[in-house]
Amino acid sequence: MAEPGIDTLLALTDSKYRLTVVTAKRAQQLLRYNFKNTVLSPEEYPRMRTLEGEKPDPNAVTWAMQELKSRRLVIGENLIAEDRLAKFLDQMYPREVTEPAD
């Protein structure tokens with residue numbers, strides 16, 4: 001996690017381990033819902049520089065770290081259970097289920 005501002009992120013948690021776990025879980029949620037559940041505004045979306053110019057960054061870990069730096073996500077012990085959160089997010093952002101080929 002060589003990210004500028006890592007000290008800011010470490011100050012939000014009590015350990016590097018918790019920061020890693022929280023970032024990984026949030027990145028997984030972002031990928032599961034195709035980044036529709038982000039707390040970032042469009043001007044805050046992570047960007048990357050390429051030879052063709054600046055483009056949106058497709059890395060979910062970068063997005064999760066940017067969200068944590070924005071301080072709009074809460075990290076703690078007494079949060080909603082993950083299975084209840086998943087049900088709520090599934091209602092808000094339905095995923096398309098592909099049918100298996102016969």
Hphob cluster co-occupancy, Met65 + Leu30, side-chain heavy atoms under 4.5 angstrom: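 Shared cluster, no.
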
ILVMFWY cluster, Leu10 and Tyr17 together (side-chain gap under 4.5 Å):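 No.
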
Candidate pair Arg26 and Gln29, rule side-chain hydrogen bond (donor to acceptor under 3.5 Å, both in side chains), full reasoning: CA-CA 5 Å; Arg26 181 59 184 156; Gln29 288 175 351; 2.9 Å; yes

Is there side-chain contact between [X] and [Y], with at least one heavy-atom pair below 4.5 Å?
X	Y	value
Ile75	Leu68	yes
Trp63	Pro46	yes
Leu19	Leu12	no
Met48	Pro56	no

Phe88 atom CZ: more than 12 heavy-atom contacts under 6.0 Å: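 Not buried by this count: 12 neighbours or fewer within 6.0 Å.
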
Arg71, CZ: over 12 other non-hydrogen atoms inside 6.0 angstrom: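 Atom CZ in Arg71 is not packed in, count stays at 12 or less.
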
Please round to the nearest 0.5 Å and tell me the distance separating atom [atom1] of [X] and atom [atom2] of [Y].
X	Y	atom1	atom2	answer
Gln66	Arg72	CD	CZ	9.0 Å
Tyr33	Asp90	OH	CG	3.5 Å
Thr50	Lys55	OG1	NZ	4.5 Å

Throw together a table of side-chain donor-acceptor distances under 3.5 angstrom for residues 35-42, partners on residues two or more places apart or in other chains.
{"from": "Thr38", "atom 1": "OG1", "to": "Leu40", "atom 2": "N", "distance (Å)": "3.2"}
{"from": "Thr38", "atom 1": "OG1", "to": "Glu67", "atom 2": "OE2", "distance (Å)": "2.6"}
{"from": "Ser41", "atom 1": "OG", "to": "Glu43", "atom 2": "OE2", "distance (Å)": "2.9"}
{"from": "Ser41", "atom 1": "OG", "to": "Glu44", "atom 2": "OE1", "distance (Å)": "3.0"}

Lys87: partners by side chain to side chain contact (heavy atoms under 4.5 Å, CB included), with sequence neighbours left out: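 For Lys87 there are no side chain to side chain contact (heavy atoms under 4.5 Å, CB included) partners, ignoring immediate neighbours.
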
Sequence-distant partners of Ala24, side chain to side chain contact (heavy atoms under 4.5 Å, CB included), two or more places apart: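 Testing Ala24 for side chain to side chain contact (heavy atoms under 4.5 Å, CB included), a comparison that skips the adjacent residues, returns none.
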
Atom of Leu31, atom of Ala60 and distance for their closest heavy-atom approach: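 Reported closest heavy-atom pair: CG-CB, 3.6 Å.
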
Polar side chain donor-acceptor pair, Tyr93 to Asn34, under 3.5 angstrom: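 Looking only at side-chain atoms, Asn34 and Tyr93 do not form any donor-acceptor pair under 3.5 Å.
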
